[in-house]
J.: 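Below are the structure tokens for one structure; questions will follow.
Values below: every heavy atom of this structure, side chains too, minus hydrogens, waters and symmetry copies. What you are looking at is a predicted structure, and each value in this text was computed from that prediction instead of being measured.
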Amino acid sequence: MSFDREKMLELCASWSKNTLMETLEIKFIDAGEDFLKATMPVNPRVHQPMGLLHGGASVALAESVGSAASIMFVNPERQEVRGIEISANHLKSKREGLVTATAKIIHKGASIHLWEIRIVDENEKLISLCKLTNMILPRR
């Protein structure tokens, strides 16, 4: 079975309705066989009190894209994805504009997926580097 980029992006968009992803204006923009990419605008909606991108918003972006990416490797009718651990190093601040998160698979096991998520600005400067572990469970 070949990878269908458009179908994956449509699936991510439909799952985002009425969720945190919609609240944060996260948009899934690209997908491949081993990666998923999404953007999030940086504006007062995602600022901390000093007017900078909130680290928690970056982590929400990272977990959103990394968890959705695991769906590419499971049968969603029989399996569910659960994020069980996330770490983030925030390396650069950002006040406005757009950040892009790219999740790339590091380990694809039967029950555990490990993702590296790089969040960059419009100039490809690294804002945050995150690592997400997802557990794959049977659907109940």
J.: Would you please name every residue forming a side chain to side chain contact (heavy atoms under 4.5 Å, CB included) with Arg95, sequence neighbours left out?
T.: Leu52
J.: Taking the side chain as every heavy atom from C-beta outward, state whether Asp30 and Phe35 have any atom pair closer than 4.5 Å.
T.: yes
J.: Which residues pass the side-chain hydrogen bond (donor to acceptor under 3.5 Å, both in side chains) test with Asp4, not counting sequence neighbours?
T.: none
J.: Check side chain to side chain contact (heavy atoms under 4.5 Å, CB included) between Ala101 and all other residues, then give those that pass, not counting sequence neighbours.
T.: Leu61, Val65, Ile117, Ile119
J.: I need the minimum non-hydrogen distance between Met72 and Gly32, along with the two atoms involved.
T.: SD-O, 3.3 Å
J.: What donor-acceptor contacts under 3.5 angstrom involve side-chain atoms of residues 75-82, with partners at least two apart or in another chain?
T.:
from	atom 1	to	atom 2	distance (Å)
Asn75	OD1	Glu77	N	2.9
Gln79	OE1	Asn75	N	2.9
Glu80	OE1	Arg82	NH1	3.4
Glu80	OE1	Arg82	NH2	2.6
Glu80	OE2	Arg139	NH1	3.1

J.: Evaluate the side-chain proximity of Ile26 to Ser16: yes if any heavy-atom separation is below 4.5 Å, no if none is.
T.: no
J.: Contact between Ile105 and Phe73 at the side-chain level, heavy atoms closer than 4.5 Å - yes or no?
T.: yes
J.: Tell me if the CD atom of Glu22 is crowded by more than 12 foreign heavy atoms within 6.0 Å.
T.: yes
J.: Side chains of Lys37 and Phe28: does their closest heavy-atom pair fall under 4.5 Å?
T.: no
J.: In Å, rounded to the nearest 0.5 Å, how long is the span from CD of Gln48 to OG of Ser93?
T.: 8.5 Å
J.: When rounded to the nearest 0.5 angstrom, what is the spacing between CD in Glu10 and CH2 in Trp15?
T.: 12.5 Å
J.: Provide the closest heavy-atom pair for Pro41 versus Val46 in the form atom of the first, atom of the second, distance.
T.: O-CG2, 3.6 Å
J.: With rounding to the nearest 0.5 Å, note down the distance linking OG1 in Thr23 to CG in Asn18.
T.: 8.5 Å
J.: With a 4.5 Å cut-off on side-chain heavy-atom distances among I, L, V, M, F, W and Y, is there a chain of contacts connecting Leu24 to Val42?
T.: yes
J.: For residues 42-51, which residue pairs qualify under salt bridge (charged side-chain N to carboxylate O under 4.0 Å, His left out), counting only residues two or more places apart or in two chains?
T.: Glu25-Arg45
J.: Please collect all salt bridge (charged side-chain N to carboxylate O under 4.0 Å, His left out) contacts where either partner lies in residues 63-76, sequence neighbours excluded, each pair once.
T.: none
J.: Tabulate below the donor-acceptor pairs under 3.5 Å that side-chain atoms of residues 123-137 make, not counting sequence neighbours, or state none.
T.:
from	atom 1	to	atom 2	distance (Å)
Ser128	OG	His90	ND1	2.8
Asn134	ND2	Gly66	O	3.2
Asn134	ND2	Ser70	OG	2.9

J.: Tell me the closest heavy-atom pair linking Ala68 and Leu36, and the distance in Å.
T.: CB-CD2, 3.6 Å
J.: Between Ser67 and Ser64, is there a donor-acceptor pair closer than 3.5 Å when you use the side chain of the first and the backbone of the second?
T.: no
J.: Is any side-chain heavy atom of Ile84 closer than 4.5 Å to a side-chain heavy atom of Ile112?
T.: yes
J.: Under the salt bridge (Lys or Arg N to Asp or Glu O under 4.0 Å) rule, collect the residues that match up with Lys94, sequence neighbours excluded.
T.: Glu122
J.: If we only count heavy atoms from C-beta on, is the His113 to His107 side-chain gap below 4.5 Å?
T.: no
J.: Between Val99 and Leu53, is any pair of side-chain heavy atoms under 4.5 Å apart?
T.: yes
J.: For Asp34, check salt bridge (Lys or Arg N to Asp or Glu O under 4.0 Å) against everything at least two apart and list the hits.
T.: none
J.: Please evaluate residues Ile106 and Glu116 with respect to the criterion side-chain contact (heavy atoms from CB on, under 4.5 Å), reporting the C-alpha separation (whole Å), side-chain torsions for both, the decisive distance (0.1 Å), and the verdict.
T.: CA-CA 7 Å; Ile106 295 171; Glu116 176 186 80; 3.4 Å; yes
J.: Find out whether Leu98 and Met40 are in side-chain contact, i.e. whether some heavy atom of one side chain is under 4.5 Å from a heavy atom of the other.
T.: no
